2 protein chains.
Amino acid sequence: MEMTDLLTFSTVARLGGITRAAEELNTVQSNVTQRIKALEAEIGTALFERHSRGMTLTGAGRRLLPYAQRMAALSREAVLAARDDGEPKGPLSIGSMETTAAVRLPTLLAEFHRRYPAVRLTLRTATTADLVAAVLDGSLDGAFVAGPIEHAELAATVAFTEELVLVTAQRWTSLAALRAGTPESGPTALVFRTGCTYRQRLEQVFTEFGWPSAVRFEFGTLDGMIGCVAADMGVTMLPRAVVERDHVHRDVNIHKLKAPHAHVETLFIQRRTAHQYSALQGFLACLDQQEASAAA
Amino acid sequence: MEMTDLLTFSTVARLGGITRAAEELNTVQSNVTQRIKALEAEIGTALFERHSRGMTLTGAGRRLLPYAQRMAALSREAVLAARDDGEPKGPLSIGSMETTAAVRLPTLLAEFHRRYPAVRLTLRTATTADLVAAVLDGSLDGAFVAGPIEHAELAATVAFTEELVLVTAQRWTSLAALRAGTPESGPTALVFRTGCTYRQRLEQVFTEFGWPSAVRFEFGTLDGMIGCVAADMGVTMLPRAVVERDHVHRDVNIHKLKAPHAHVETLFIQRRTAHQYSALQGFLACLDQQEASAAA
DNA sequence: CCTGATTACGAAATACGTAATAATC
DNA sequence: GATTATTACGTATTTCGTAATCAGG
């Protein structure tokens, strides 16, 4: 049960074919075939069903796959843990919602880089759902997501508290005006791609206003979305701090929401079982300090 | 990061030397040296400190070791999971307290073997503390231990409920007689080796009787202990069912205890994260059925 | 000198790559 | 005939084992 074999196995399983896997692994078909056959011989059962358009997992293969993935993740982590002598350095992958990345992270990341220049930090923005999955499977060391999160394998700390506001074009001076000036079915909702938590909040508010599930447009970036709100394509819901950044807040109006919808906590999540990397600890220290100075 | 290298690494770490490791791994010194050097080169730091009487782990080595062990455990489990097609078969390691093994398991294991002859079941008796550790590190698939157990990684179900009784030699006809006939410091306590839960209960009862922490003798086996109780070497605490087995209950007296001490639940524990082996599922099915028929 | 780790080097095993083959659509 | 997996076989790399060497007590 060598790691090389497990990696080829995972790759074939993911790409559904030996040819494609060989390409990704920078080797040739015959080699991949042999590695798979070696694994099958060792385990004593077929892992793939061969058919003309590639390979699909058998039952045994499906049972093996999660082990192969966990072992690969452990292997990566093991190297980092062994190298980690307490001095923050090496790679650190952080995830964030688009909104948090826009307003909260710039100063935090700058400070982090100033203090620990040896850490190669990479930031990935995605929706809360994607980020949670990425932290769980080890492809991110930690992430900023919208609370609440309840998961046995995740440790979460409150990083920021945001006030959610409804954002409309300039011409809507109040919520009442908006309600009066829109059709029965309500305004168009502009939302992030599936998995975004703010989107769910927006749907709750729409329901409360008596607007049926409205037409939605999905965006991948924050700036695109705000631009379209300014052009009165529709409305959206965002943290107040995001909207109040200089270059956008003059083109839109913000509207306070009632208490149950108004607040959302941004959590920093990490895996409980992961090694406490020095780099990650350093990041948490920066975060704590920023919180403390913000509170003062 | 190949498994072979990690296995040699673990072995050298455990045995503290390349020569001893080579012997256990059925290979030669030079080979072990090379595998270790390959790992060190891959990780980029020394994993052992070399000194004249062998090798000891460096900090990096200590950080790597738990990963190596977890990966080895996963590797073993992966093979079993892949091979497990739903038909109970293959190896199954169950642990049990000595007392449970004596009175509860014989019929259960017989029934299990009748239903699933393809499973090679091995039983290991040890104390609750040892069993919990063994289940956690994967060397046991499940175990019968004394409750309560609270651990995030363990799933526990109540398997049996036992009435704990104080066991003395024949001549002590009542608790009162025992208290009158023993010195100020109380009778000698006969207990299992460290880690046994019944032992803790016994200490509580002794404290309640005003006996200071009494002289204790430790035993490894149930029969040895009961034999010594019969010979009036001391007293012990055991489930009633254990004592009432035919061949011992004539030589000793049993004494009921007050409610808080009287009952203890025997739990069956297993790891939450482990693959649900068919063999283990079959075992649980047998257990459920025995419970149901006992209740009827 | 004895124990135990490392180095050197040839032998064996294994993995890899090229190319031909088979199978399926 | 295009796509994809397998087989055959030669080459390259890696691992393994023997034996010599080095280091510490």
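Keep in mind that what you see is a predicted model, and the values were worked out from it rather than measured. Proteins get letters first, then strands, A, B, ... in listed order; numbering begins at 1 in each.
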Steps toward ring-ring contact (aromatic ring centres under 6.0 Å, His included) verdict (B:Phe268, B:Phe283): CA-CA 11 Å; B:Phe268 185 76; B:Phe283 189 80; 5.6 Å; yes
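Taking atom CE on A:Met55 and atom P on D:dT3, their separation rounds to 19 Å, with Å as the unit. Atom pair A:Ile18:CD1 and D:dT7:P shows a separation of 10 Å (rounding to whole Å applied). A straight line from CD of B:Glu2 to P of C:dT14 spans 14 Å, rounded to a whole angstrom. Atom-to-atom, CZ of B:Arg53 to P of C:dC2 comes out at 13 Å; the value is rounded to the nearest Å.
By the neighbour-count criterion of 12 heavy atoms within 6.0 Å, atom CD of A:Glu153 is sparsely surrounded, having that number or fewer from other residues, nucleotides or ligands. Within a 6.0 Å sphere centred on CD of A:Glu203, heavy atoms belonging to other residues, nucleotides or ligands number more than 12. For CD of B:Glu2, the number of neighbouring non-hydrogen atoms (other residues, nucleotides, ligands) closer than 6.0 Å is greater than 12.
For residues 22-44 of chain B, proximity to DNA chain D is found at B:Thr27, B:Val28, B:Ser30, B:Asn31, B:Gln34, B:Arg35, defined as any non-hydrogen atom under 4.0 angstrom from a strand atom.
Between A:Arg50 and the phosphate of D:dT6, there is a side-chain N or O to OP1/OP2 separation shorter than 4.0 Å. Regarding contacts with the backbone of D:dT4, a side-chain N or O of A:Arg20 is found under 4.0 angstrom from either OP1 or OP2.
Taking all atoms of both residues into account, the shortest heavy-atom contact from A:Phe9 to A:Ala68 is CD2-CB, 4.0 Å. Between A:Leu202 and A:Leu190, the shortest heavy-atom contact is CD2-O, 4.2 Å.
Between A:Thr4 and A:His51, the one whose closest nucleotide on DNA chain C sits nearer the 5' end is A:Thr4.
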